[in-house]
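Every number for a ligand or one of its atoms is a count from 1 in the order of the listing.
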Amino acid sequence: MDLFSPVALGELQLANRVVMAPLTRLRCGGEGVPGDLVVEHYRQRAGLGMIITEGAWPSPQSRGYVGQPGIVTDEQVAGWRRVADAVHERGGLVVMQLMHAGRVTHPEINGGRRVEAPSPIAIEGVARTPGGKLPYPVPAELTTDDVRGIVQDVVLAARRAIEAGLDGVELHGANGYLLHEFLSPAANERTDEYGGTPANRARLVVEVVTAVAEAVGAGRVGLRISPEHNIQGAFETDGADLLLTYGSLLDQLRPLGLAYLSVLHQEPGGELVQELRRRFGGPLIANSGFGTVTTREEAVQLIDAAHAEAVAVGRAVIANPDLVERWAGEHPENEPQPHLFYSNGAEGYTDYPVLEQAG
Ligand SMILES: Cc1cc2nc3c(=O)[nH]c(=O)nc-3n(C[C@H](O)[C@H](O)[C@H](O)COP(=O)(O)O)c2cc1C
């Protein structure tokens with residue numbers, strides 16, 4: 001298969017297999033509303049096969065970063081509608097990543113609300129709050145009823161994303177945020193039906209994905225996972241337990257007929273990811289993680305070898321709004337500027353040149 005050929009991920013019809021990975025950029029201000037700059041950023045990248053937005057918070061307490069967008073208030077929905085319209089005008093597709101940060105936040109970030117997680121275990125490190133860096137707090141252990149409430153929050157957020165005109169939603173089950181915290185024995189020490197065994201640790205993700213699929217249609221719902229990713233205290237070190245947990249999850253998701261499974265793992269073509277792909281039984285979007293920047297060569301190889309249906313590309317898309325054109329023609333690329341990933345304003349965000357402007 002060819003990286004530049006079309007592909008269907010459920011109901012999503014992509015013109016090519018280069019997908020914009022979800023990329024948090026923190027330019028949505030104190031109210032979490034995408035404005036002109038954010039609209040322009042996504043509009044510029046509409047030539048990707050599909051855009052997956054930065055993680056958006058489904059409830060105020062689930063906000064992980066200052067400047068992160070939400071999908072809760074009417075103003076946020078209106079902002080996202082402008083993003084969707086701008087991408088659609090250029091013939092693109094845009095799916096929203098829904099992200100509950102779990103314990104990776106601080107009351108100084110989420111408006112003084114409590115920090116929620118499966119178990120009262122703080123992560124190491126510091127949160128960047130408006131008042132400076134502060135140690136992550138010990139989170140409150142969610143009650144069983146609280147957990148059910150989160151399912152409802154995420155369903156509402158998914159409905160709002162669709163109401164805003166987005167083409168679909170992706171549940172963020174990766175990188176040490178809430179859903180990954182439930183999956184990982186390092187973060188989940190619960191004794192109710194949401195912890196204790198691999199199937200119990202998978203339960204919340206199964207419930208959230210199933211409920212969202214019922215609400216907006218499975219063919220436009222994806223899930224992102226990052227098994228074995230050593231990040232934010234959610235490291236899964238027991239291979240047998242991992243396979244049982246993610247296997248249970250994917251066996252239960254398989255009958256839903258979701259649009260796609262997106263996996264962040266350093267070896268997308270390796271045994272683990274390919275086993276999870278078989279268990280899921282639907283389209284796979286691959287990404288080899290933060291270690292090395294995804295290159296054209298890697299993306300071409302993943303599709304040529306049939307290791308995935310599409311490839312999620314992060315930093316190269318930040319730096320090259322016209323990445324598909326550049327990769328298709330083997331043109332030179334702009335270099336990403338990591339010190340501007342989480343800064344403010346247009347610099348390092350909407351000012352990367354496209355081909356005809358370059359040199
Ligand atoms: C600035 C930045 C922000 C990111 N934000 C998110 C995010 O909101 N959600 C997510 O699932 N992954 C996020 N990631 C991970 C990327 O989606 C991707 O997996 C990672 O950058 C590795 O791919 P690459 O080598 O193509 O950049 C982020 C990565 C970067 C560099």
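A donor-acceptor pair shorter than 3.5 Å can be found between the side chains of Glu236 and His180. Side-chain polar atoms of Gln301 and Glu297 form no donor-acceptor pair below 3.5 angstrom. A donor-acceptor contact closer than 3.5 angstrom links the side chains of Arg326 and Asn320.
Counting heavy atoms closer than 4.0 Å to ligand 1, residue Leu23 contributes atoms from both its backbone and its side chain.
Each of the following atoms of ligand 1 lies closer than 4.0 Å to a heavy atom of Leu264: 19 (O). The contact set between ligand 1 and Gly55, taken as ligand atoms under 4.0 Å from a residue heavy atom, comprises 8 (O). Near Val293, meaning under 4.0 Å from any of its heavy atoms, are these atoms of ligand 1: 25 (O). Per-residue contacts place Asn175 under 4.0 angstrom from the following atoms of ligand 1 (heavy atoms of the residue considered): 10 (C), 11 (O), 12 (N). Atoms of ligand 1 found under 4.0 Å from any heavy atom of Gln97 (numbered from 1 in listed order, with element): 7 (C), 8 (O), 9 (N), 10 (C), 11 (O). Listed by number with element, the atoms of ligand 1 under 4.0 Å from a non-hydrogen atom of Ala21 are 17 (O). Ligand 1 places these atoms under 4.0 Å from at least one heavy atom of Val313: 26 (O).
In terms of protein heavy atoms, atom 29 (C) of ligand 1 is closest to Phe290 CE2, 3.5 Å. Nearest protein neighbour of atom 4 (C) of ligand 1, counting heavy atoms only, is Thr24 N, 3.4 Å. Given atom 19 (O) of ligand 1, the protein heavy atom at minimum distance is Asn287 OD1, 2.9 Å. The protein heavy-atom contact nearest to atom 13 (C) of ligand 1 is Pro22 O, 3.0 Å. Distance from atom 26 (O) of ligand 1 to its nearest protein heavy atom, with residue and atom name: Thr294 OG1, 2.6 Å. Residue, atom and distance of the protein heavy atom nearest to atom 21 (O) of ligand 1 are Arg315 NE, 4.0 Å.
Residue nearest to atom 11 (O) of ligand 1, selected from Met99, His265, Arg224: Arg224 (by heavy-atom distance). Relative to atom 2 (C) of ligand 1, the option among Tyr342, Tyr65, Tyr177 with the closest non-hydrogen atom is Tyr342.
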Working note: Val95 + Thr53, criterion side-chain contact (heavy atoms from CB on, under 4.5 Å); need CA distance, chi angles, decisive distance, verdict.
CA-CA 6 Å; Val95 160; Thr53 73; over 6 Å; no
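At least one heavy atom of Thr292 sits less than 4.0 Å from an atom of ligand 1. Residue Gly289 places a heavy atom less than 4.0 Å from ligand 1.
By the 3.5 Å distance cut-off applied to N or O atoms, His172 is counted among the residues near ligand 1. At least one N or O atom of Gly314 sits closer than 3.5 Å to an N or O atom of ligand 1.
Among Val221, Leu256, Val151, the one residue that satisfies the side-chain contact (heavy atoms from CB on, under 4.5 Å) test with Thr210 is Leu256. Screening Val154, Val205, Ile150 for a side-chain contact (heavy atoms from CB on, under 4.5 Å) with Leu178, the sole residue that qualifies is Ile150.
Summarising the geometry, atom CD belonging to Gln252 is positioned 9.5 Å from atom CD belonging to Glu207; distances are rounded to the nearest 0.5 Å. The structure places CD of Glu193 at 7.5 Å from CG of Asn200, a figure rounded to the nearest 0.5 Å.
Side-chain atoms of Arg201 do not come within 3.5 Å of backbone N or O of Thr245 as any donor-acceptor pair. A donor-acceptor pair under 3.5 Å is absent between the side-chain atoms of Ser288 and the main chain of Gln266, judged by distance alone.
The cationic group of Arg27 lies under 6.0 Å from the six-membered ring centre of Tyr349 and within 45° of the ring axis, placing it in a cation-pi geometry.
Side-chain rings of His229 and Phe290 approach one another, their centers coming within less than 6.0 Å.
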